[in-house]
Peer 1: 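This is the structure I have questions about; it appears just below.
Proteins get letters first, then strands, A, B, ... in listed order; numbering begins at 1 in each.
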2 protein chains.
Amino acid sequence: MARNLQQHILDVASELFYSQGIKTTGVDAIVKAAGTTKMSLYKYFPSKDDLVVAHLNKSRAKLQGIIEAELAQATDDPQRKLLAVFDVFERLQASPAFRGCPFINASAEFAEIGSPVQQAAAEFSEGFRRLLATLAAEAGVRDPDNLSKHLSMLIAGALVREQMQRGSAPMRAAREAAEILIGHACAQARAAEPA
Amino acid sequence: MARNLQQHILDVASELFYSQGIKTTGVDAIVKAAGTTKMSLYKYFPSKDDLVVAHLNKSRAKLQGIIEAELAQATDDPQRKLLAVFDVFERLQASPAFRGCPFINASAEFAEIGSPVQQAAAEFSEGFRRLLATLAAEAGVRDPDNLSKHLSMLIAGALVREQMQRGSAPMRAAREAAEILIGHACAQARAAEPA
DNA sequence: TTTTCAGAACAGACCGGTCAGTCTGTTGCA
DNA sequence: TGCAACAGACTGACCGGTCTGTTCTGAAAA
């Protein structure tokens, strides 16, 4: 296993944290599922909290990869790229393993303000919004920051809605709303600076 | 205390559940904070799960009351009423005690599908959307169900965003997006059925 | 090629604390 | 007298985390 063991433990822990919840998942369960021992786990992750933070970092990296891959194969039309983000999440939601957003869930489970978990969630939230703002700026809308807030809230809302009401497929509705908002923002930009 | 004791225990438990998280809050902590005993708590609530469900029911009733009060004193303009819902949440978010939506948080903490907690969260989510749909229908929009989904997702998204990034005041941005979407839906209705 | 040895991983008992929930007994009020 | 509430010890399970000791492996040394 060598250096792989650390990754293996993290993979197993991440899956359990996501599917069952973080507080619900005990260290013993992780150790058992990973087929390893507590000593090995605590060698690589000094505490459960460290493991949780690693889980969030892993989730962020994974999601970033998925989104970048989708954007890379999307058309160059910036508006399409914005909508492609919704398509990514729609696909993720369709999986039976879907259990909401890891960061929203972690934020709900760890109430203590300023905790590393809350901090990681905040950083992801802001980073994701900035990604949308970049795409919105490329689309040439009037106020990219504002539109990015609108769109990120639509996505977050759709994620929690599907989590609470499985099968309601809200990401498609969120995408429709996004189209309206993007169209509006583009129209505003055109009106403000006519050729 | 008499019959009041049950209510008192629920009040204290509800506050702790909301502020600290449900799994984090032990029965002993509730008993101590309420100044009562375990025997009394378990007399009125046979299990902690029952107490959690009661907490959610209480939260639903409380929120319904707040929204109804706001709608009652809002103008008769149906569009204003829709926006007044956003004002309610903006006020709630401004409180330092704000810690997100009790139902979203509970849904994140209790992963088991079909559990009473998940069920209560689903019912609330759908009930809230229906309220928005009713208001949207009164506003005479083309597809009230669709608009209600959009607006409920904006609100949910703003709630989790404020939870993860305190002080980012996203409900105002959500309200702006709502105005655009409402305007769009009304314009569609006018276009579909011209005088 | 065989021996040796260090580090990595396994195995599992163990710690104090907390969990939800139960039990016995006492106090106080109507 | 009877019921509601208090008081608090108690159970068994589980929590995160530590500790001792064994087994495995792979590379250096002979």
Peer 1: OP1 or OP2 of D:dC6 sitting under 4.0 Å from any side-chain N/O of B:Ser40?
Peer 2: yes
Peer 1: Quick one: is D:dG16 close enough that its OP1 or OP2 comes under 4.0 Å of any side-chain N or O from A:Lys38?
Peer 2: no
Peer 1: If I take atom NZ in residue B:Lys48 and atom P in nucleotide D:dC14, what distance separates them, rounded to the nearest angstrom?
Peer 2: 16 Å
Peer 1: Below 6.0 angstrom between ring centroids: does that apply to A:Phe110 and A:Phe103?
Peer 2: no
Peer 1: Look at the side-chain N and O atoms of A:Ser47 and state whether any lies under 4.0 Å from the OP1 or OP2 oxygen of D:dG16.
Peer 2: no
Peer 1: Say whether A:Asn105 and A:Gln163, considering side chains only, have a donor N or O and an acceptor N or O under 3.5 Å apart.
Peer 2: yes
Peer 1: Calculate the interatomic distance between A:Asp50 atom CG and D:dG16 atom C1'; express it in whole Å.
Peer 2: 13 Å
Peer 1: Calculate the interatomic distance between A:Glu109 atom CD and D:dC15 atom P; express it in whole Å.
Peer 2: 14 Å
Peer 1: Between P on C:dC19 and CG on B:Leu51, what's the gap in Å once rounded to a whole number?
Peer 2: 14 Å
Peer 1: Give a yes-or-no answer on whether the side chains of B:Arg129 and B:Ser148 include a donor-acceptor pair shorter than 3.5 Å.
Peer 2: yes
Peer 1: Is a salt bridge present between A:Lys58 and A:Asp11, judged by a nitrogen-to-oxygen distance below 4.0 Å?
Peer 2: yes
Peer 1: Find the distance A:Lys43:NZ to D:dT20:P and express it as a whole number of Å.
Peer 2: 18 Å
Peer 1: With a 4.0 Å cutoff (strictly under), does any side-chain N or O of B:Tyr44 reach OP1 or OP2 of D:dA5?
Peer 2: yes
Peer 1: Report whether B:Leu159 and B:Ile66 are members of the same hydrophobic cluster (ILVMFWY, side-chain heavy atoms less than 4.5 Å apart, transitive linking).
Peer 2: yes
Peer 1: Would you say a side-chain N or O of B:Tyr42 is under 4.0 Å from OP1 or OP2 of C:dC23?
Peer 2: no
Peer 1: I want to verify a distance call: between D:dA5, C:dA11, D:dC6, whose nearest atom is closest to the B:Met39 side chain?
Peer 2: D:dC6
Peer 1: For A:His8 and C:dA9, what is the distance between atoms NE2 and P respectively, to the nearest whole Å?
Peer 2: 12 Å
Peer 1: Using whole Å, what does the distance between atom C1' of nucleotide C:dG21 and atom CD1 of B:Ile30 come to?
Peer 2: 13 Å
Peer 1: Check A:Phe45, A:Phe17, A:Tyr18 against A:His55 for a ring pair (Phe, Tyr, Trp, His ring centres under 6.0 Å) and give me the one that passes.
Peer 2: A:Phe17
Peer 1: Of all of residues 18-29 of chain A, which get a heavy atom below 4.0 angstrom from DNA chain D, listed by number?
Peer 2: A:Thr25, A:Gly26, A:Val27
Peer 1: Would you mind reading off the distance between A:Lys32 atom NZ and D:dC15 atom P, rounded to a whole angstrom?
Peer 2: 11 Å
Peer 1: So, the side chain of B:Gln118 versus the backbone of B:Ser107: is there a donor-acceptor pair under 3.5 Å, distance only?
Peer 2: yes
